[in-house]
Amino acid sequence: MEAAAVVGLGAGTGAGLTRWQAAALAAVAGWVWAASFYDLTRRTRALVQPWVTRRVHAETAAILRLQRLLEHKLLDNFFSVLSCVVSVPFYTGFLPLLFWSGHGKLARQMTLLMAFCDYLGNSVKDMVSAPRPCSPPVRRVTATEDEKENAMEYGLPSSHALNTVCLMGYLLHYVLTYGEHGSVIVAAGLSLAFLLVTLVAIARIYLGMHSLTDVVAGIGFGIVILAFWLVVDDHVDAFIVSGKNVATFWAGLSLLMCFAYPKPEFPTPSFDYHAAFNGVAFGIVYGIQQTYFHFHTPDAPLIFSAQLPLLTFAGRVLVGIPTILVVKFCSKALSKWLLPVMCSTLGIPIVSSCYVPALKVDSSSKNKQVAGYLQRLFSHFPQKAYDVDTGIRFVQYSGLAWSVVDLVPAIFAHLNL
């Protein structure tokens with residue numbers, strides 16, 4: 001039923017989507033130009049950053065009181081584990097299992113929603129460039145490398161709070177929409193979601209990672225993003241599985257989204273996360289578009305069913321995880337060699353902050369002119385040289401995501417898993 005409806009929607013609106021795609025890409029490109037020409041990031045930061053900074057500093061005393069009141073090693077460990085469970089790396093590891101368990105639509109929507117949340121949340125962080133609570137005097141608990149990287153980002157809004165609201169909210173919506181439920185299940189689901197959001201909010205303050213203003217902003221942004229996504233999710237899914245020119249459109253959108261990102265006051269890892277999830281979204285969309293009717297229809301076997309018992313699912317995990325890691329490694333190695341060659345051939349000025357040592361910036365190369373017939377075109381953009389690491393990161397995560405929904409399911413079919 002769902003597959004037939006999707007085919008009908010794609011066939012009926014294909015011509016209109018082409019015009020819509022062009023208008024959407026033109027709108028994003030126009031926004032990139034306008035934001036750069038009118039210096040919107042700096043103007044917005046000048047209005048918002050001072051107020052947020054004052055709030056963060058004013059709330060320091062309250063954070064210290066909370067930490068002194070609750071400080072305990074068990075709470076340190078509990079809140080650190082909770083923060084890991086609702087972090088981006090955890091969701092990144094969990095989503096492939098959701099695809100392979102047969103819940104294709106839920107996995108698609110949560111992946112794209114995660115990418116959307118990551119982009120909007122990190123964009124606001126870097127646009128506002130507001131500090132986290134000062135440490136010291138605030139005690140900051142960073143038990144993992146992921147938390148240490150998070151501490152290098154700006155504060156507002158709290159990504160953990162934002163992501164928890166959106167993903168828990170969408171998961172609850174999906175269960176209540178497609179599963180059997182009564183008033184008790186609805187009440188239990190709402191209570192669990194509220195409890196988790198509350199615990200995450202307390203955890204981020206207790207660990208010294210955020211102020212109350214950061215957390216409230218994260219929850220507020222999360223509610224707005226979730227409400228928007230619940231309106232468009234079915235349209236987005238129908239477009240992905242049966243729309244016209246999906247791969248071409250999404251490739252153009254992904255490229256533009258690398259430019260439609262505010263420059264922070266000082267460099268942070270936030271843009272790297274955005275580039276990675278931008279790649280994940282493209283890989284998922286491309287793979288699903290190619291293989292939907294082979295592996296991802298509503299008729300796909302679900303975990304715990306007779307067609308997909310737990311032992312078979314465990315076999316999928318044992319085969320799938322090493323496969324996607326190999327694809328990620330190969331994608332990174334190939335892009336590290338291929339992208340610099342392509343950029344050099346086209347005359348696109350590039351540097352590398354990490355992946356390609358030969359292209360690292362030095363004082364002698366800052367004013368070096370790069371020849372090529374695209375140089376005049378790229379000279380109209382703000383950067384004089386582009387970080388090739390963004391492209392490498394995009395390609396490696398695109399390859400990983402594509403393998404999750406295309407290569408690995410093909411291997412499952414070959415092995416009768």
Side-chain angles (χ1 to χ4, degrees), residues 28-29 31-33 35-36 39-42 45 88 92 115 118-127 129 148-150 152-154 250-283 328-401:
V28 176
W31 166 252
V32 172
W33 176 85
S36 175
D39 201 6
L40 296 183
T41 296
R42 184 187 62 79
R45 182 180 299 146
V88 170
T92 304
D118 181 81
Y119 168 71
L120 290 180
N122 286 347
S123 292
V124 174
K125 278 179 186 284
D126 282 352
M127 179 175 62
S129 294
K148 292 176 182 177
E149 287 194 3
N150 288 338
M152 298 169 61
E153 297 182 280
Y154 289 108
W250 213 280
L253 180 63
S254 298
L255 176 63
L256 288 172
M257 294 307 287
C258 290
F259 294 95
Y261 190 91
K263 184 178 180 180
E265 196 168 34
F266 299 102
T268 73
S270 297
F271 179 74
D272 295 342
Y273 300 148
H274 161 60
F277 256 101
N278 194 14
V280 167
F282 175 74
K328 180 187 175 186
F329 173 81
C330 293
S331 299
K332 180 178 179 180
L334 180 63
S335 59
K336 284 173 66 176
W337 170 77
L338 188 59
L339 289 181
V341 172
M342 292 175 58
C343 291
S344 177
T345 302
L346 296 173
I348 301 175
I350 57 172
V351 295
S352 174
S353 56
C354 177
Y355 290 140
V356 187
L359 293 174
K360 286 189 176 180
V361 182
D362 56 52
S363 58
S364 63
S365 62
K366 285 184 179 179
N367 297 320
K368 185 177 179 180
Q369 296 298 316
V370 181
Y373 62 86
L374 289 184
Q375 183 182 356
R376 182 175 300 175
L377 171 63
F378 281 89
S379 66
H380 292 288
F381 290 88
Q383 300 95 327
K384 292 184 178 180
Y386 296 85
D387 193 343
V388 73
D389 291 4
T390 298
I392 295 171
R393 193 170 286 110
F394 176 88
V395 171
Q396 68 168 319
Y397 281 95
S398 294
L400 181 148

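Side chains are part of it too, since the values below use all heavy atoms of this structure and drop only hydrogens, waters and symmetry mates. Please read these numbers as outputs of a predicted model, since none were measured by experiment.
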Quick one: does Q396's side chain get under 4.5 Å of K336's, heavy atoms only? no
E153 and Y273: side-chain donor and acceptor closer than 3.5 Å? no
Between the CZ atom in R45 and the NZ atom in K263, the distance rounded to the nearest 0.5 Å is 9.5 Å
Residues at least two apart in sequence or cross-chain that pass salt bridge (charged side-chain N to carboxylate O under 4.0 Å, His left out) with D272, listed by chain then number, are R393
For D126, the side chain to side chain donor-acceptor pair (under 3.5 Å) test, sequence neighbours excluded, returns Y261, T268
Rounded to the nearest 0.5 angstrom, the OG1-OH distance for T390 and Y355 is 9.5 Å
Of V124, D118, N122, the one forming a side-chain contact (heavy atoms from CB on, under 4.5 Å) with S270 is N122
Hits for side chain to side chain donor-acceptor pair (under 3.5 Å) against K328, two or more places apart or cross-chain, chain-then-number order -> Y397
Note: L339 and I392 closest approach over all heavy atoms is CD1-N, 3.5 Å
Closest non-hydrogen contact found for D387 with S352 is OD1-CA, 3.6 Å
Looking only at heavy atoms, the pair that brings G279 and S398 closest together is O-OG, 3.0 Å
- Message: I'd like to know if the side chain of S36 and the backbone of V32 have a donor-acceptor N/O pair within less than 3.5 Å.
- Response: no
Residue set satisfying side chain to side chain donor-acceptor pair (under 3.5 Å) with Y119, at least two apart, ordered chain then number -> none
Here the gap from E265 atom CD to T41 atom OG1, rounded to the nearest 0.5 Å, amounts to 12.0 Å
On a heavy-atom basis, the closest approach of W31 and A260 is CD1-CB, 4.5 Å
**Prompt:** Mind checking whether N278 and C258 have side chains closer than 4.5 Å, heavy atoms only?
**Reply:** yes
Note: D389 and S353 closest approach over all heavy atoms is OD2-OG, 3.0 Å
Tightest non-hydrogen contact, residues V28 and L253, listed as CG2-CD1, 4.2 Å
Across all chains, not counting sequence neighbours, the side chain to side chain donor-acceptor pair (under 3.5 Å) partners of S335 are none
Sorted by chain and number, sequence neighbours left out, ring-ring contact (aromatic ring centres under 6.0 Å, His included) with Y154 holds for none
